[in-house]
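Read the numbers this way: they start at 1 and go in the same order the structure lists the ligands and their atoms.
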Amino acid sequence: MKKGSKSIPHPNISQVKIIENKNNFPISWLNKQGFCEYGIYLENVKGIEVKPTRAMVKGTTEHATLEANFREGAEPATFEEMLETSQSAEILSRELPVLSAHYGIRGFIDEVWMTPDEFVIIDDKPGTVPYYSSINQVYGYCLAFKDMVDDGRKIIGALRQRGTDNVYWSAYFDDAAEKNTINLINRVHELLLGNIEFIPTKNPNKCRRCRFNNLCDKKMDF
Ligand code: SF4
């Protein structure tokens, strides 16, 4: 994002901002998109409000605890200082904000390991199943990070079981991953522009677990 660029809330779609004349959405939506696009429509376009699930509340609490523990022993530094230091030493950052006006995405990375050779972008998740929707999300962070840094160091995306050291999935953010991620992000932008329709899942198990299922006109019988 260029210095002085304004961020304006989208007039009709919640959580979307307009930055440098382009819609900008939260990277966590790539996870939601993989679960069911129609849920994004219900929540953010139609404006349906439902309570967060118990798992969501638990995740938020665990997240806050980890963050507080980290901050106790952390030394504050700017992003530029961290990049500089990591040229010669390994450092770790938590809750790192990333924003790409070019791709129209933004978010907070749970944890980044910065080493002289590579960056490891970690997203904490409940459980240990590497769902493709979770992989899409962590690759979204990798893309935004790369757009901000791109100093030749390799980038690895990783999923870690929340509250543990168990990294249960990791892979290099290579050219193929980057291309797929850009295609997916472009699809979400097309949805937001109204050029294509939000597709509901055909998986009744997802509808059974969905917090919108009482109000959804497209839910599958379960
Ligand atoms: S109830 Fe099913 S179709 Fe509707 S938003 Fe939820 S997952 Fe999607």
Side-chain angles (χ1 to χ4, degrees), residues 9-18 22-64 100 103-110 122-144 157-163 168-169 171 177 179-222:
H10 191 285
N12 305 316
I13 309 175
S14 65
Q15 294 185 49
V16 173
K17 295 180 179 179
I18 300 168
K22 185 177 172 88
N23 285 334
N24 189 296
F25 65 87
I27 292 169
S28 58
W29 281 20
L30 297 180
N31 194 348
K32 293 181 180 180
Q33 191 269 349
F35 184 79
C36 176
E37 279 180 356
Y38 200 67
I40 297 176
Y41 168 77
L42 291 177
E43 182 171 21
N44 302 100
V45 181
K46 220 171 166 195
I48 286 181
E49 288 183 19
V50 294
K51 284 186 186 166
T53 61
R54 208 158 5 136
M56 287 166 79
V57 174
K58 190 165 174 255
T60 306
T61 311
E62 287 175 354
H63 215 264
S100 166
Y103 291 113
I105 51 172
R106 66 183 195 280
F108 289 87
I109 304 176
D110 283 335
I122 298 178
D123 197 31
D124 288 324
K125 291 284 177 219
T128 56
V129 181
Y131 295 109
Y132 73 90
S133 54
S134 305
I135 294 170
N136 290 342
Q137 182 180 358
V138 78
Y139 276 158
Y141 294 127
C142 292
L143 183 68
L159 298 173
R160 181 174 62 186
Q161 186 178 10
R162 186 173 291 142
Y168 61 89
W169 177 91
K179 195 167 161 232
N180 288 340
T181 306
I182 291 170
N183 286 342
L184 190 61
I185 287 166
N186 287 342
R187 175 176 174 84
V188 176
H189 281 298
E190 289 296 297
L191 290 167
L192 297 177
L193 291 169
N195 294 336
I196 52 175
E197 294 207 349
F198 291 84
I199 296 178
T201 184
K202 296 272 178 280
N203 181 345
N205 288 329
K206 287 186 175 179
C207 294
R208 187 169 43 79
R209 289 188 283 133
C210 176
R211 63 198 172 106
F212 300 109
N213 62 16
N214 280 333
L215 302 159
C216 178
D217 55 332
K218 306 277 187 195
K219 80 174 169 202
M220 303 291 292
D221 286 336
F222 52 84

If you take all heavy atoms of C207 and T201, which pair is closest and at what distance?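 Answer, listing the atom of C207 first, then T201: SG-CG2, 3.8 Å.
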
Is the number of heavy atoms from other residues, nucleotides or ligands within 6.0 Å of NZ (K125) greater than 12?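 Yes - once you tally the heavy atoms of other residues, nucleotides and ligands closer than 6.0 Å, there are more than 12.
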
Using a 4.0 Å heavy-atom threshold (strictly under), name the region of C207 that reaches ligand 1: side chain, backbone, both or neither.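 Both parts.
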
Any idea which protein heavy atom is nearest [atom], and the distance to it?
atom: atom 6 (Fe) of ligand 1; value: C210 SG, 2.4 Å
atom: atom 8 (Fe) of ligand 1; value: C36 SG, 2.3 Å
atom: atom 4 (Fe) of ligand 1; value: C216 SG, 2.3 Å

Going by atom types alone, do D217 and Y38 pair a side-chain donor with an acceptor below 3.5 Å?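 Per modelled atom types, D217 and Y38 side chains form a pair under 3.5 Å.
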
Is K219 close enough and on-axis enough to F212, meaning under 6.0 Å and within 45°, for cation-pi?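 So K219 doesn't make the cation-pi contact.
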
Between E43 and R211, does at least one N-O distance fall below 4.0 Å, as a salt bridge requires?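 Here E43 pairs with R211 in a salt bridge, since their nearest N and O are under 4.0 Å apart.
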
Relative to the heavy atoms of [X], which atoms of ligand 1 are at a distance of less than 4.0 Å?
X: K219; value: 1 (S)
X: G39; value: 5 (S)
X: P200; value: 3 (S)

When the ring planes of Y41 and F198 are compared, do they come out parallel, tilted or perpendicular, using 30° and 60° as the limits?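 Rings of Y41 and F198: tilted, 30 to 60°.
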
